[in-house]
Amino acid sequence: MATTTSGNSYRLPPRTSSLNPPLSPGITPARQAQLSSSSYSHHTEDPLIFEIGSRLLRAGFAGESAPRCVLEWSNEVFWCREGIVWTGGASTTRDEDGRGGGELWRGDLRSVELGVVEDVVERGVRMAYNKYLLLDSKLKRVMIVTPPLLPTAVLTSLLKSLFVHFQMPGIMLLSAPTMATLSAGTRSALVLDLGWEESTATAIYELRPVGQPHRTRRAGRLLRDFWRDLLLTSTTTSSSSTPKKPKIPNTQLDDIISRLAWCRKHTHPPTPTADDSTPIALPHPISTRLPFSALADPTEKCFFAPTTVPSSSPDYPDDDDLALPRLVYEALRGVPVDVRAACMQRIIIVGGASQVVGLKRRIIDEVRLLVEREGWHRPGGRRRSGAPQPPTPPPPPPEEEQGGQEKEVSYEWRQEDRGGALSPGSPRGGLEKGLRPAGTPRVRGLESMGAWVGASLVAGMKGRGTVELEREKFLQAVAGGGTGLPVGY
Amino acid sequence: MVFPTIHISCPCADSISITPKPAKKKSRSHKAAEEEESEEEERFDPRSARSNFSLFPLESLLYCEDCNQIRCPRCVHDEIVCYFCPSCLFEVPSSAIKSDGNRCTRNCFSCPICFASLVVASTRDDQSGPYVLLCPHCHWSSSEIGIEFEKPTSITTQLAQKLKTVSTPSVTPAPSAPSDSYFPTISITPTISLPPNDAPRAPPTTAEMYQRLKVHYASQRASTGTDEFGSSNALSRLIGLYSSTSLTVGGPKPRSFSGGSGISKPLIGRDRKSEWSEMDHTLEIQNEDTTIAQLRKQGFAGTTSTAQRLNQGVPGPLFTQDVRPLAVLLRTKRSKRCRACRHILVKPESKVTTTRFRIKLVAMNYIPSLSISRLDPGSVSYNSLTPLTTHQFLLTVTNPLFDAINVTLATPQRTPGRFGTTVTILCPDFEVGANSDIWDEALGTGDAATGGKNTRKGKKTGNTGTVWDAGRNWTTVVIEIVPPLLPSEYTTDEAGGKDSPTEDDYLVQVPVSVRVEYETDVEREDGLGKEVKERREHTYWSVLGLGRIGKFGAPTTPLAVGTGGPVDVLGALGPSGVGLGRSSTYNVAKVGSSPPIVAGMVGMGVAGGLGKRNLK
Ligand SMILES: [Zn+2]
Ligand SMILES: [Zn+2]
Ligand SMILES: [Zn+2]
Ligand SMILES: [Zn+2]
């Protein structure tokens, strides 16, 4: 198969006719070895799963509990010219001022060279193949898991790179929020994905996304910016004699955040945190000590403060970039009531920044508080239940509503949810009592094993996807100027 | 960065790329494509964003004789010949590698801190037990995580047992799930450090949790049955859901829940009995107070670096006290085939312990190699080329072929980029002798005659149109550059914005097109008659990294110092040229506005001035 396949898509520049130069005599017969298709090995049958995000590549075999490797796109070897140590950030797409950088693509496609995305993906996947999966160029079934709101042009580039360089006959596409829901052991959830450029909240109902994801720029990159500010201000105050601030490389900053970032517990009403002044030493070139409590400040500013920009009215919230609890709340409020009922007690938090210690629990606690305090009514309007719904989103067609309700009967509500019990310590003023109809489930967070594992489970069940792209068709479509993706992407 | 660098561009990026170029016809005939290619061969921009991915050192390149083309790591296909452990060099049968996590099951472990190989060491002076795994590099020891061994052998087995029973706070016992055994103890919440006795139930490990899910979905699948297509209704429903916009393929679909027919009717409405239920033991998000307390106690030094964490598997431990020695990853020996014609280019010996190859068609044996040295005196570093000054390099072309070759070098007069460097190759067209047997030369037979001629040809005059020097199978020519003056040198304004040069602008990267032509004897394949002469040619792009532009008028005055340096160049430039090189109070704005003229003068000066030079 291979010869014809590669011939179609891979053209060589015309050269002089091929005859053997006088070198290396006697090897010609040996080169006429058999084609590789004869040597399908034992694990050819397992699909490979790649979860490709703008910061990380997770790669492994279907049916396993974890990917075999997690590679960071910020790794210099994916970007630099082979054979030299490229000390400057030259010839890469990174920002030189340190804001941004280390990501495979950006939401702003004007600053993305899609060809470079293809090239870097090739290097990443090749490293996974050669170093961790120990695979060669044999045909593989592949599933890829992509984040919500991935730009179509980037998706096309990712697929192109895989099809062209790794000869995959077909690629199945899976969406990260759905897979994260699956790997939490449930069918419906509100999936909050704390991504790199933006965080998204996607309602998943019966393993199907409902409506558009809600988004905010309060995500990994903004967190890093706050951390940089924290570290730079701390170094200036500690040694005011040296006017020049140390330059902190992005990779080092990422490392520090992954080790030290934490999140305070929710307190209600907000009280100044117990001053935890345990000094924490930071490495060179920051070389300073910060009180432990300060290490939670960037988390606070990035994900919970009403606004993330310097403002004369710091309590006035950002319009576009909602704080995370508010984002989750709005996402829940934007879906039909039965979907909401299913999702609010299954909030899943995934993504890079979800690793910040204590962050997940804090978000859940605050969402719970918002729901307690505000119910589901709209400002100036009546309560959601029974009231005509605002234009976005319009109510689902009646038959659908019905279907959902019928289902709800068959749905295994968890026992404690039925009673509307609150977790101990949740504030619950008398005011809110009337807002909670009996039987309304409580707000609850669910641990998920993540999107990669979800895909692993799907593959383990021998599922065949309906969104499966074939190599030849895809490449032809792309060569013709299309996206190669089915209508609707 | 170390200079000089020499890279060769593999053209496969052009031929692989199927991105339609804007303003070109969407579907084009092969001929049109070929024409385009030849157009593109006229220029090459080493600064373009993608060039990093097509440029390779010559040593990394292979050569396909059938395609007459260099092959880079991207345009070959790999085939695994064997798997082996790089530490103990044992070959591992392919049937075993995957279940062992592609890791060695003998006694080979790598350090969780610095990734070096661990050794088994005794804890006593008399070399008796207990034993530990010790890192000879950073001195990490398995005793730091409470693991010691009774005997110095069968470490893998012992370690697996220890990890089951070890009671460091944050580690919970793992079930023995065969396919997951290579990350046996990484728990799903490795950072929750509950004292074992206080916790009613330890959080499940990754493997446990996964097993639960797997069992759950297997039972779901069994109970929901299959549809007429042989797959579970619910399952096909579940996978059909790519994209954030509620997409189902193969029919009119809603872009959102509310956008049309809503949740796809046939799927939800149908066959209610086959609905899936939720898993019984979903895991609620816990508070992480104990981890936070631990973090406060451990500080930065007690946490794992990103590299260490990723190396430990998924999810990696936050604290260094929870790391584990990991079995060494296996490696492979690979054959490589040309991706276009499938011919084999590399075939290693299958025995692990030999490093020999049965076939290895390296590009070095087929295309001439380039090398660079400085002709200027050594006082100027490659890392600080003086702007607006002529720098001379010797470019040596070495021929690996048994036939003499004609080489034509071409380079743009000005390198691509906002701040181009002026480039001149004094003798772009020359012959390089055959790589004849060195004994032939000594005995005065065969091709040696040609070689002798070549040697005589090199007079080290540096005249335009003549080679600098030549030997048996090599020829050296002079390449001159005049680096530009970068704006930051004369703008005091730090906020120069877009005009301020990037790190890239400081690097002098010269694209050189190398065209090789030669005639060779070809044995006729029918075995009849005499040998036939065949004319061959190929062209490739090379990129010479000649250095980094330094400060203008830097203390190390480049040209006037040193003996035998191209002093004549300065002379030819005249007084203004000298002033250029020395004066720090020079009116720089003027220079900045007219560098091409200065460069032109330098070029002229060199042509005339170098003629007088005579080394020894
Ligand atoms: Zn190539
Ligand atoms: Zn070994
Ligand atoms: Zn070590
Ligand atoms: Zn070939």
Side-chain angles (χ1 to χ4, degrees), chain A residues 11-13 15 18-20 22 27 31 43 65-66 70 81-84 87-88 90-91 113 115-116 119 134 136-137 148 173 175 178 185-186 207-211 213 255 258-259 262 278 280 292 357-358 360-361 393-394 396-397 400 403 412 445-447 463 465-467 479 481 486 488, chain B residues 1 5 15-16 18 20 26 37 49-50 52-53 55-57 65-66 68 77-80 98 102 180 206-207 210 213 235 238-242 244 246-247 249 256-258 262 268-269 277-279 282-283 285 287-288 291-292 296 299 303 306 310 314 332 340 343-344 359 402 503-504 522:
Chain A
R11 288 197 30 78
L12 288 162
R15 300 290 158 187
S18 56
L19 285 168
N20 299 323
I27 57 162
R31 291 178 312 150
H43 51 75
S65 65
V70 182
R81 200 170 287 183
E82 195 181 310
I84 56 174
T87 46
S91 295
E113 170 96 41
V116 173
D119 291 332
L134 299 190
D136 51 24
S137 313
L173 301 181
S175 105
T178 312
T186 183
L207 295 172
R208 185 163 289 254
V210 178
D255 185 56
S258 76
R259 300 166 79 153
W262 66 283
T278 312
I280 303 289
F292 186 67
V357 185
K360 287 193 278 195
R361 181 57 181 265
E400 292 305 326
E412 290 177 70
L446 271 194
E447 287 285 1
T466 47
V467 189
Chain B
M1 204 174 134
T5 60
S15 44
I16 289 175
I18 45 171
K26 271 188 180 174
E37 240 156 42
R50 297 193 72 177
N52 274 356
F53 304 91
L55 287 171
F56 298 89
E65 297 181 342
D66 294 77
N68 263 330
H77 270 292
D78 290 11
E79 281 167 31
I80 293 176
K98 196 190 162 206
N102 294 345
D180 302 306
T206 304
Y210 184 76
L213 286 163
L235 183 63
L238 145 190
I239 311 170
L241 310 173
Y242 180 70
S244 50
S246 306
L247 175 99
V249 168
S256 70
F257 185 82
S258 52
I268 282 208
S277 62
E278 188 169 71
M279 189 170 72
T282 53
L283 197 65
I285 290 176
N287 83 48
E288 296 178 279
T291 313
I292 292 171
R296 183 194 297 113
T303 54
T306 309
L310 294 181
V314 180
T332 55
H343 279 123
I344 209 151
I359 300 169
F402 295 145
E503 177 57 29
D504 233 9
V522 180

Tell me the closest heavy-atom pair linking [X] and [Y], and the distance in Å.
X	Y	result
B:Ile80	A:Asp136	N-OD2, 2.7 Å
A:Thr278	B:Arg296	OG1-CD, 3.4 Å
A:Gly185	B:Glu278	O-CG, 3.3 Å

**OP:** Using side-chain contact (heavy atoms from CB on, under 4.5 Å) as the criterion, list what pairs up with B:Ile292, not counting sequence neighbours.
**Re:** A:Trp262, A:Phe292, A:Val357

**OP:** Could you look at A:Ile280 and say if it's the side chain, the backbone, both or neither that has a heavy atom under 4.5 Å from chain B?
**Re:** side chain

Original post:
Who passes side-chain hydrogen bond (donor to acceptor under 3.5 Å, both in side chains) against B:Thr306, sequence neighbours left out?
Top reply: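 Applying side-chain hydrogen bond (donor to acceptor under 3.5 Å, both in side chains) to B:Thr306 gives A:Asp255, A:Ser258.
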
Can you tell me how far [atom2] of [Y] sits from [atom1] of [X], rounded to the nearest 0.5 angstrom?
X	Y	atom1	atom2	value
B:Phe56	A:Arg81	CZ	CZ	11.0 Å
A:Arg361	B:Glu288	CZ	CD	9.5 Å
A:Leu446	B:Leu283	CG	CG	8.0 Å

Original post:
Contact part of B:Leu213 toward chain A, heavy-atom cut-off under 4.5 Å: side chain, backbone, both or neither?
Top reply: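 Both parts, heavy atoms under 4.5 Å.
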
